[in-house]
Number of protein chains: 4
Amino acid sequence: MSSTPQSPRAARAPRAKVPDTTRRSARSRAAILDASMELVGEVGYSRLTIEAIAARAGVGKQTIYRWWPSKAAVLLDALTAVVDDDGYAAALPDTGDLAADLKEVLRATVDEFTDAAFEAPYRALAIASAADAQLAAQFNERLQEPGLAVYAARLRAAQRAGQIDADLDVGLAVEMLLGPFQQRWLARSGPLTYEFTDRLVEMCLRAFTPRGTP
Amino acid sequence: MSSTPQSPRAARAPRAKVPDTTRRSARSRAAILDASMELVGEVGYSRLTIEAIAARAGVGKQTIYRWWPSKAAVLLDALTAVVDDDGYAAALPDTGDLAADLKEVLRATVDEFTDAAFEAPYRALAIASAADAQLAAQFNERLQEPGLAVYAARLRAAQRAGQIDADLDVGLAVEMLLGPFQQRWLARSGPLTYEFTDRLVEMCLRAFTPRGTP
Amino acid sequence: MSSTPQSPRAARAPRAKVPDTTRRSARSRAAILDASMELVGEVGYSRLTIEAIAARAGVGKQTIYRWWPSKAAVLLDALTAVVDDDGYAAALPDTGDLAADLKEVLRATVDEFTDAAFEAPYRALAIASAADAQLAAQFNERLQEPGLAVYAARLRAAQRAGQIDADLDVGLAVEMLLGPFQQRWLARSGPLTYEFTDRLVEMCLRAFTPRGTP
Amino acid sequence: MSSTPQSPRAARAPRAKVPDTTRRSARSRAAILDASMELVGEVGYSRLTIEAIAARAGVGKQTIYRWWPSKAAVLLDALTAVVDDDGYAAALPDTGDLAADLKEVLRATVDEFTDAAFEAPYRALAIASAADAQLAAQFNERLQEPGLAVYAARLRAAQRAGQIDADLDVGLAVEMLLGPFQQRWLARSGPLTYEFTDRLVEMCLRAFTPRGTP
DNA sequence: ATTTAAGCGAGACGGTACGTCGTGTCTTTAT
DNA sequence: ATAAAGACACGACGTACCGTCTCGCTTAAAT
């Protein structure tokens, strides 16, 4: 991805493949990211083309090929930029009521995945990741895992508060909370409703909490 | 003389464009399905082309376009044929030990999704479904839901045996068992191991079983 | 061409390629010829297709392929039928005034070649003949030469009347009268006007008549 | 950002779609013209395909479609290039003997039209011109008329020398000399022999020369 | 008076070529 | 050296026809 930091010196290697980042046009970069977000919303991932991005961005094709290896990589940068700008919720709320907190956040996530402007590029990246392991690694690292981490943090807080099992595998717990949700979304195997997420939270908490608890 | 005379029979065909299924070549159909399965395994979905399928099958391209709307639709038929031939496990084993039964089947599923011959077309369809709602409906109905149904049946048997809550939402329960699995697989967010599925089953059963149970 | 007479017995040859003429459907034949004449006028020769002829004629494609080797052969039969029906002018007028007679007939020919209904199939055949020597032989024999023959007859009458050289090569003379005309028409190298044909006749007659004549 | 900035220069190009001629690859152009000449000789016009030209030339199909509207247009450029390179006979010989000069040139033309390397593309263009008025205009202007002009020049010289009528319509005269020839060639209505052209010249000269001359 | 067996309408089939679109590379011209 | 522009070789697209090949079906001839 283009985010790999490149010192100017790196370009001095005998046959430099990587262009000189310091000379990069910020204006072009922004135009490309904007155009790709717009277009993926308009036509969908499969009909998204690099030519169209370049044309919409008023940019030469080579400028895209120089800095990104694929249209998915462009989208990854574009969505990362948006998410980082919007200031990723660094933490889940912690009202002390774990169930309420999880339900609230999952309801917000339902809203997010119902918003076409966000959904389109996110789905595009999920699709591209499913097809390309290398992209998947980047996608998971840069967009998915930060999201999961805040769930994990909240669960660990609940562990410390004794609300859930101390020896609970937090990673697995997060997968149980989000896996069914993402599956419904990506495979369109069911509607994304508050009722679904609420009941999913309730069911999961039954698994997370000590058996004796009523 | 040039006016097309319409026999009553011809007039009964209300919609034009639809080819005559009775004249369809079974040989060609089989060759196309075989070729598409082979090729998706060899080159992956994104490099799978209808031209290559036609060439491999020894068939004209039009014969594919006549009967299928997309390469994904071909794969859906191909995989459906394979699954139906192999005799879908109509039911999960029922040894009385729900945890053991679920673990066994999920372990088998791990094996299945580790087998490239099965994985490639299945992933291809999952990708295509993520990109195309219409295909997704077909994919879910014809391949996913039959698979889920056997889990649901086993859970309902366990309900009758009093092993899990009588008022458990079986559909949701199945999503909890398979969602995290499929998510790991499709998004490559983690390894598909027996350990993972075993622990997933254990966690889920804690959610499914009556709270009082130790 | 389909005009080759075939006795029923010929079909008894070990591997009969030639279908049984006696069973041929006159209705289909007529519909095909009509349709081909219509279509060549509507879309031109290069866009004329056998499928379209069959569809317009309400006939199976095989019925065309059974009886004709090419779409040009169909047109040749079609135009022959029309020309024969219209009763080919068996002879040029002979008023005694050769120049006037030739001018009149050439003016009529100008009219004919300006009529789209006649021009389109005729041009189609001329084009097909230019590309296919075998068709050319048929076209010349069945459509061109009968036309030329009437000119030759008229010139021979003029020879007998002493109006043109007795040792004139009548065949060449006919070519001189019609070659420039057909060339203009086919190559579109100039307009087909009465003035052109009148002056062509006058020039040719200077070549045909005895030198002493003023 | 996505609005396409238009430099004044770019705005001066009134019509879109037209590719930039200055960037055209001379190498590709030459390869395409060569390949089309070769192929039309090998397989004939009707079996000449743009795909085959592109393949033989080592060129993408789009490079042909970008610069030429049809395979006939390619051939027109190809033949024009050959003819211009070979240095079109700028003038007929003028030995003072008009008959001899015309016979000599027509005999040379017979040779030319008997040479397959020249005949094939020329016939191809004649066929395409017969089918397409727009191409015909180009063909006549760029290949036919320059050829006719040299005949016209020679006839005008003869006029000045008093050998043929001063008021002879030179254009018509040229059509009389070449029309029967081209007709025989294109329609294959007779053999192209020296005897034919010699007698054609003699006949025409009888029409061109003053009546009193023996 | 049936039985053949042909022609027939219909259209699926294996192919070829079409003309278009997008890819990723390369070259030109202009900052 | 990067950028806009876009020509290029390539490959796949989805379509249109080709000419062949079954399918019932009518229909005329030969049983």
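Just so it is clear, the values below take in all heavy atoms, side chains as well, and ignore hydrogens, waters and symmetry mates. Convention: sequence-line order gives letters A, B, ...; per-chain numbering from 1. Just so it is clear, the model here is predicted, and its values are computed rather than measured.
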Starting at the 5' end of DNA chain E, which residue's closest nucleotide do you reach first, C/Q62 or B/K61? C/Q62
Enumerate, atom names and distances included, each donor-acceptor pair closer than 3.5 Å involving a side-chain atom of residues 43-51 of chain A, sequence neighbours excluded.
from  : atom 1 : to    : atom 2 : distance (Å)
A/R47 : NE     : A/V43 : O      : 3.2
A/R47 : NH2    : A/V43 : O      : 3.3
A/T49 : OG1    : A/A52 : N      : 3.0
A/E51 : OE2    : A/K61 : NZ     : 3.1

If I take atom CD1 in residue B/I64 and atom P in nucleotide F/dA16, what distance separates them, rounded to the nearest angstrom? 18 Å
By side chain to side chain donor-acceptor pair (under 3.5 Å), C/T80 pairs with (sequence neighbours left out) C/R142
Heavy atoms within less than 4.0 Å of DNA chain F: which residues of residues 47-54 of chain B have one? Give them sorted by number. B/T49, B/I50, B/E51
With sequence neighbours left out, the residues meeting salt bridge (charged side-chain N to carboxylate O under 4.0 Å, His left out) with C/R23 are none
Solution key, residues 28-37 of chain D side-chain donor-acceptor pairs under 3.5 Å, sequence neighbours excluded:
from  : atom 1 : to    : atom 2 : distance (Å)
D/S28 : OG     : D/S25 : OG     : 3.1
D/S36 : OG     : D/I32 : O      : 3.3
D/S36 : OG     : D/L33 : O      : 2.9

When the distance from OH of A/Y65 to P of F/dC8 is rounded to whole Å, what number comes out? 18 Å
With C/D132, which residues qualify under salt bridge (charged side-chain N to carboxylate O under 4.0 Å, His left out), at least two apart? none
Once side-chain contact (heavy atoms from CB on, under 4.5 Å) is applied, do any residues pair with A/A131, and if so which ones, sequence neighbours excluded? B/I127
Pairing residues for B/P19 by the side-chain contact (heavy atoms from CB on, under 4.5 Å) criterion, not counting sequence neighbours: B/R66, B/W67
Reading nucleotides 2-8 of chain E 5' to 3', which nucleotides get B (base under 4.0 Å from a protein heavy atom), which S (sugar-phosphate only), which -? ----BSB
Taking side chain to side chain donor-acceptor pair (under 3.5 Å) as the definition, give me every residue that meets it alongside D/T22, ordered by chain and number, with sequence neighbours left out. D/D20
Which angle, to the nearest 10 degrees, lies between the helix axes at the two ends of the helix from E/dA1-F/dT31 to E/dT31-F/dA1, each defined by five pairs? 10°
Would you say that more than 12 heavy atoms from the other residues, nucleotides or ligands in this model lie under 6.0 Å from the CZ of D/R24, or not? yes
Once side chain to side chain donor-acceptor pair (under 3.5 Å) is applied, do any residues pair with D/E42, and if so which ones, sequence neighbours excluded? D/R56
Quick one: B/K71 NZ to F/dA12 C1', roughly how many Å, whole number? 10 Å
